[in-house]
Novice: 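My questions all concern the structure below.
Since we're looking at a predicted model, the values are computed, not measured. Note that these values count all heavy atoms, side chains included, but never hydrogens, waters or copies made by symmetry.
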Amino acid sequence: QVQLVESGGGLVQAGGSLRLSCAASGSTLSIIAVAWYRQAPGKQREFVAQIGAGGVANYADSVKGRFTISRDKARDTVYLQMNSLKPEDTGLYYCNAKTATHQTVDNYWGQGTQVTVSS
């Protein structure tokens, strides 16, 4: 079992930056990938970025070149550095951890951290 806690959200002007943190606890050695998702009011949750084994990262087209996902393995923490923020980046940002145990892939979610980008 994995518990995730997001932090770092807030209110920022367009063009500004924020860094989100996702701290994992529990069976962290079973984590094979960590991703960030976001959900705007009235919209579906969408993929933002993911970092997998070996540090390989991938991003949604909408954030490529602006967001960077990274990890601090010693602290079981994944970060999302968000630069050049746009109003459309506004939403509740969730951390997702994929685990592989007993030949089963599971997903765990944090409670989210709010990001609001004003124009």
Side-chain angles (χ1 to χ4, degrees):
Q1 188 174 0
V2 172
Q3 184 175 2
L4 305 172
V5 178
E6 303 98 331
S7 62
L11 176 64
V12 65
Q13 293 182 347
S17 298
L18 284 173
R19 188 177 74 162
L20 306 183
S21 298
C22 173
S25 60
S27 302
T28 59
L29 292 178
S30 67
I31 297 174
I32 58 175
V34 176
W36 287 95
Y37 289 76
R38 67 189 181 190
Q39 188 169 24
K43 296 187 178 295
Q44 298 274 9
R45 189 173 300 183
E46 66 174 347
F47 170 81
V48 176
Q50 182 186 66
I51 187 165
V56 177
N58 61 86
Y59 302 90
D61 288 341
S62 59
V63 306
K64 284 182 179 178
R66 300 188 298 119
F67 291 11
T68 302
I69 188 169
S70 62
R71 67 184 182 189
D72 185 339
K73 200 170 186 178
R75 295 187 176 185
D76 290 325
T77 301
V78 170
Y79 303 96
L80 184 67
Q81 179 66 46
M82 306 186 295
N83 299 324
S84 302
L85 283 163
K86 305 174 181 179
E88 51 262 45
D89 294 319
T90 293
L92 190 62
Y93 281 68
Y94 296 92
C95 184
N96 167 265
K98 293 181 176 64
T99 63
T101 57
H102 302 97
Q103 298 183 343
T104 302
V105 176
D106 294 319
N107 285 276
Y108 296 88
W109 295 89
Q111 292 185 335
T113 185
Q114 179 67 38
V115 172
T116 303
V117 184
S118 64
S119 60

Novice: Can you see which heavy atom on L85 is nearest to which on R66, and at what distance?
Specialist: CA-NH1, 3.9 Å

Novice: Compile the donor-acceptor pairs under 3.5 Å between side chains in residues 48-56 and protein atoms, sequence neighbours left out, one pair per line.
Specialist:
unit_1 : atom_1 : unit_2 : atom_2 : d
Q50    : OE1    : N58    : ND2    : 3.3

Novice: Using a 4.5 Å cut-off on heavy atoms from C-beta on, say whether the side chain of V115 contacts that of M82.
Specialist: yes

Novice: Tell me whether Q3 at atom CD has more than 12 heavy atoms from other residues, nucleotides or ligands lying less than 6.0 Å away.
Specialist: no

Novice: Could you list the residues that satisfy ring-ring contact (aromatic ring centres under 6.0 Å, His included) with Y37, not counting sequence neighbours?
Specialist: F47, W109

Novice: Rounded to the nearest 0.5 Å, what separates atom CD in E6 from atom CG in L92?
Specialist: 7.5 Å

Novice: Do the side chains of V34 and Y108 get nearer than 4.5 Å, heavy atoms only?
Specialist: no

Novice: In Å and rounded to the nearest 0.5 Å, what is the CG to CD1 distance from D106 to I31?
Specialist: 11.5 Å

Novice: Locate the shortest heavy-atom distance separating L4 from A97; write the atom from each residue and the value.
Specialist: CD1-N, 3.6 Å

Novice: Pick from R38, Q114, Q39: which one makes a side-chain hydrogen bond (donor to acceptor under 3.5 Å, both in side chains) with Y93?
Specialist: R38

Novice: List, one per line, each side-chain donor-acceptor pair under 3.5 Å for residues 16-28, sequence neighbours excluded.
Specialist:
unit_1 : atom_1 : unit_2 : atom_2 : d
S17    : OG     : N83    : OD1    : 2.8
S27    : OG     : Q1     : N      : 3.4
T28    : OG1    : D76    : OD2    : 3.3

Novice: Between D61 and K64, is there a salt bridge with N-O shorter than 4.0 Å?
Specialist: yes

Novice: Working to the nearest 0.5 angstrom, can you tell me the gap between T113 OG1 and L80 CG?
Specialist: 11.0 Å

Novice: Would the distance check show the side chain of Y59 and the main-chain N or O of I69 forming a donor-acceptor pair, the cut-off being under 3.5 Å?
Specialist: yes

Novice: Kindly indicate whether the side chain of W36, heavy atoms from C-beta on, has any atom under 4.5 Å from the side chain of V78.
Specialist: yes

Novice: Do any N or O atoms from the side chain of S62 and from the backbone of A60 form a donor-acceptor pair under 3.5 angstrom?
Specialist: no

